[in-house]
**Student:** 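To start, I am sharing the structure in question, which I have written as structure tokens.
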Amino acid sequence: MTAGGAVSAAEAVALIRTGDTVMVGGFGLVGAPLTLIDALVEESDATDLTIVSNNIGEPGKGLGKLLRQGRIRCGIASFFTSNPEAVAAVNAGQLEAKLLPQGTFAEAIRAGGAGIGGFYVPVGAGTLLAEGKETRLIDDVPHVLEWPLRADVALVYAARADELGNLWYRRTARNFNPLMATAAAITIAEAGEILPVGGLEAESVMTPHLYVDRLVARREQ
Amino acid sequence: MTAGGAVSAAEAVALIRTGDTVMVGGFGLVGAPLTLIDALVEESDATDLTIVSNNIGEPGKGLGKLLRQGRIRCGIASFFTSNPEAVAAVNAGQLEAKLLPQGTFAEAIRAGGAGIGGFYVPVGAGTLLAEGKETRLIDDVPHVLEWPLRADVALVYAARADELGNLWYRRTARNFNPLMATAAAITIAEAGEILPVGGLEAESVMTPHLYVDRLVARREQ
Amino acid sequence: MSSDPRQRIAARAAQELRPGEIVNLGIGIPNLIPGLLAPAAGVFIHTENGLLGVGPRPRDEELDPDLIDAAKRPVTALLGASYFDSADSFAMIRGGHIDVAVLGALQVSALGDIANWAVPGKDVLGVGGAMDLVVGARRVIVTMTATASNGEPKVVPECTYPLTARAAVDVIVTELSVFRLRGGALCLTELLDGVTLDQVRQATSAPFRVELEA
Amino acid sequence: MSSDPRQRIAARAAQELRPGEIVNLGIGIPNLIPGLLAPAAGVFIHTENGLLGVGPRPRDEELDPDLIDAAKRPVTALLGASYFDSADSFAMIRGGHIDVAVLGALQVSALGDIANWAVPGKDVLGVGGAMDLVVGARRVIVTMTATASNGEPKVVPECTYPLTARAAVDVIVTELSVFRLRGGALCLTELLDGVTLDQVRQATSAPFRVELEA
């Protein structure tokens with residue numbers, strides 16, 4: 001798809017339905033689509049969500065707000081521990097947690113976007129995180145079979161976009177955003193700056209517009 | 001590794017030994033490391049090579065020169081047909097050919113660089129190209145298990161490099177180059193322009209210098 | 001309408017494309033489509049060697065050795081275009097992010113199986129991106145003449161040439177008609193100007209339903 | 001030499017790094033290493049959230065909210081640095097392109113097994129990049145105090161904590177000594193200044209060979 005100009009955050013997050021799986025970019029709060037998360041918190045009733053994000057925010061910040069509302073049923077992440085409230089919610093049986101090694105988490109999202117049906121990694125073999133997973137010796141090294149991750153909606157943040165939805169990420173705010181943009185049925189991009197078409201150098205585009213369905217201007221944080 | 005300034009093409013290709021597997025970037029001749037190929041043709045005795053490249057050059061051009069010298073034992077490619085002499089060599093039993101769908105070929109090289117032990121794709125299932133390959137139903141869709149591709153040496157071309165070996169590719173000359181740069185024990189990069197460190201914007205680097213072992217200035221073609 | 005069957009096919013196939021769609025065009029007839037699209041068609045052309053936003057053929061002074069399409073012909077890039085490597089390009093294809101692939105075929109079966117890369121008895125040494133495209137694109141439109149140069153129908157009960165993929169085709173456009181695969185069944189949905197149902201029956205060996213649209 | 005064991009460990013670990021190496025530093029003691037490296041050490045620091053070429057901590061006026069390391073602390077980027085996404089970053093790690101990972105551990109076994117992400121009986125809710133790093137890096141250097149705060153040795157016959165990976169560790173640096181895994185066997189290769197072999201034996205429950213180097 002192609003964005004074709006910006007819409008409001010409320011309009012964009014209205015695409016998220018109860019029960020949906022939602023990917024959210026960012027490493028902690030850096031590179032997180034904070035305007036979209038706020039709109040989801042304040043202007044959407046969607047609940048029973050599965051959130052795919054490296055962390056489940058911080059206490060009362062980012063996805064931590066949505067967690068406090070009790071609207072997250074399941075988290076798929078590599079590091080829940082950065083939000084003690086997420087850990088507490090898991091212990092209280094209010095949040096289902098699926099933990100993946102960070103590289104496997106990233107690769108699974110890429111695989112989801114790239115049409116890869118499954119992939120083998122040596123990471124995690126012989127550990128708790130491989131329990132119940134298929135393993136296979138490849139060149140005498142135990143490998144774990146991992147499955148792709150996909151979502152109904154992805155929320156990503158980019159420093160710059162053009163009006164078609166081409167995206168450019170700044171410094172370490174890139175992290176999981178370009179991957180998640182590829183792995184959802186609907187990708188909503190929040191951009192710090194929205195340029196006219198041609199405003200990004202063609203070689204510098206990091207997420208081509210075919211991945212972006214809606215474009216929202218970032219609200220000053 | 002890190003390049004640390006440029007060396008001569010002859011010095012760089014001297015790292016290629018008889019029996020090696022060599023990846024060579026380019027889609028046809030576009031983005032092909034022509035200076036390095038010429039050095040391999042003219043200044044190296046390495047033979048019995050396995051070449052991993054989308055095409056085996058064109059008649060008498062690029063890898064086509066190496067083919068005429070009879071130094072390629074095996075080709076792994078998606079499109080031998082762009083060089084009729086490669087087709088003739090296969091028919092004459094002088095060249096072993098391993099054909100992969102282009103996307104699987106690209107993904108296998110990426111997997112080789114990324115430490116992925118194997119991956120499933122729906123592409124090719126039920127066709128001649130899946131014969132003898134393990135298949136598996138994933139979500140009721142037949143998938144083929146494909147293995148990573150790695151090489152002893154990769155030869156890539158980038159329009160710009162900095163002295164550390166960070167690379168930037170121009171337009172459609174990017175193609176397989178960034179993938180191959182990750183998938184070899186030794187990566188030799190040919191650059192159109194070699195800039196001082198800091199000459200490439202940090203966000204624009206497409207191949208970080210840790211993948212580049214030797215840097216060679218392109219000779220005007 | 002052009003009397004050149006290839007132009008007729010390309011022109012009819014072009015009408016299948018909708019504004020905003022991401023389209024990959026194969027070599028041959030599909031490559032005639034850009035010349036037939038109105039500038040306002042709003043279609044974005046993807047080429048698997050690493051470009052989204054393919055523009056018209058370059059004028060001499062625009063020629064750039066680093067800018068080609070998958071047919072290895074010089075192209076231009078439109079404003080808003082982007083470049084990417086081959087793994088990312090095929091991730092787009094395999095991952096279902098290309099709306100339409102338009103490509104040629106040697107045979108298409110009544111079940112939508114397609115054979116478009118190899119002829120039996122000849123070496124199978126070039127497949128390129130054909131298999132990835134027919135599996136990955138959301139809609140696969142085949143453009144081909146109804147019969148081979150020897151008169152053999154190309155829409156057949158079952159493919160006898162090496163398969164590219166099973167049940168992959170959505171639409172077949174020939175110089176005679178349009179077929180659509182509906183619920184796995186081959187349906188004739190349109191006769192091109194001046195073509196009769198009998199002509200299509202003669203040129204087609206596959207069984208098909210007739211579901212002509214107004 | 002510093003009397004702070006953490007500083008002693010970091011300083012000794014820093015000596016393991018060679019010019020030109022690509023090094024990933026874990027949270028805690030490893031993060032003290034950059035402050036101990038000579039500017040001419042020529043080491044390139046990789047952080048798995050997507051940066052090669054991590055520079056010193058920023059001065060206040062250099063603070064950039066988009067520029068952090070994997071510990072989520074503000075950093076700077078050196079000239080020649082590059083940024084990449086998380087899939088590419090872990091491709092570097094898993095693919096064997098990181099020369100050295102320096103990280104903390106709760107336990108290391110006589111076979112080089114490492115446990116550094118979870119404590120038994122507590123929830124296993126945070127693993128981050130630990131498993132990827134110990135499997136992928138060419139050399140794994142563990143920096144840790146010889147014993148836990150309760151006095152229990154951390155170099156053990158077999159890990160009792162949940163494993164991060166098997167047979168992954170190459171070097172262990174504590175405030176007392178350096179161990180190296182050689183052919184799968186744990187070898188004591190160095191006593192730090194003023195430390196006796198007996199002190200190491202007391203603080204170590206794993207069996208080890210003594211192969212002290214000059």
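Small disclaimer: the values here were computed from a predicted structure and weren't measured. The chains referred to below are lettered A, B, ... by the order of the sequence lines, with proteins before strands, and numbering in each begins at 1.
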**Student:** Heavy-atom pairs under 4.5 Å with chain B are the metric here; pick the option from Val127(C), Val135(C), Leu51(C), Leu125(C) that has the most.
**Tutor:**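 Going by pairs under 4.5 Å, I would pick Leu125(C).
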**Student:** For Pro101(B) and Met131(C), which heavy atoms make the closest approach, and how far apart are they?
**Tutor:**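 Here Pro101(B) and Met131(C) meet closest at CG-SD, 3.9 Å.
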**Student:** Under a 4.5 Å cutoff for heavy-atom pairs, which residue among Val123(B), Asn177(B), Val121(B) has the most contacts with chain C?
**Tutor:**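 Counting heavy-atom pairs under 4.5 Å, the top option is Val123(B).
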**Student:** Tell me which of these, Val124(C), Ile93(C), Asn49(C), has more heavy-atom pairs under 4.5 Å with chain B than the rest.
**Tutor:**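 That would be Asn49(C).
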**Student:** State whether the side chain of Asp66(C) and the backbone N or O of Ala173(B) hold a donor-acceptor pair below 3.5 Å, judged by distance alone.
**Tutor:**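 Not a single qualifying donor-acceptor pair exists.
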**Student:** For Arg171(B) and Leu67(C), which heavy atoms make the closest approach, and how far apart are they?
**Tutor:**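 Nearest heavy atoms, Arg171(B) then Leu67(C): NH1-CD2, 3.2 Å.
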**Student:** Any side-chain to backbone donor/acceptor pair from Thr172(B) onto Ile68(C)? Under 3.5 Å, distance only.
**Tutor:**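 Answer holds: yes.
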**Student:** Heavy atoms only: give me the nearest Leu128(B)-Pro162(C) pair and the separation to one decimal.
**Tutor:**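 That closest heavy-atom pairing would be CD1-CB, 3.9 Å.
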**Student:** Checking Asn54(B) against chain C: side chain, backbone, both or neither under 4.5 Å from a heavy atom?
**Tutor:**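 Neither part.
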**Student:** Closest approach of Arg94(C) and Gly103(B), non-hydrogen atoms and distance?
**Tutor:**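 In terms of heavy atoms, the two residues are closest at NH2-O, 3.1 Å.
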**Student:** Is the side chain of Arg174(B) donor-acceptor paired with the backbone N or O of Gly50(C) at a distance under 3.5 Å, no angle test?
**Tutor:**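 Between the backbone of Gly50(C) and the side chain of Arg174(B) there is no qualifying donor-acceptor contact (under 3.5 Å).
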**Student:** Pick from Pro65(C), Ala70(C), Gly128(C): which one has the most heavy-atom pairs with chain B under 4.5 Å?
**Tutor:**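 Between Pro65(C), Ala70(C), Gly128(C), the count favours Gly128(C).
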**Student:** Between Val134(C), Asp64(C), Thr47(C), which has the largest tally of heavy atom pairs under 4.5 Å with chain B?
**Tutor:**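 Top option by heavy-atom pairs under 4.5 Å: Asp64(C).
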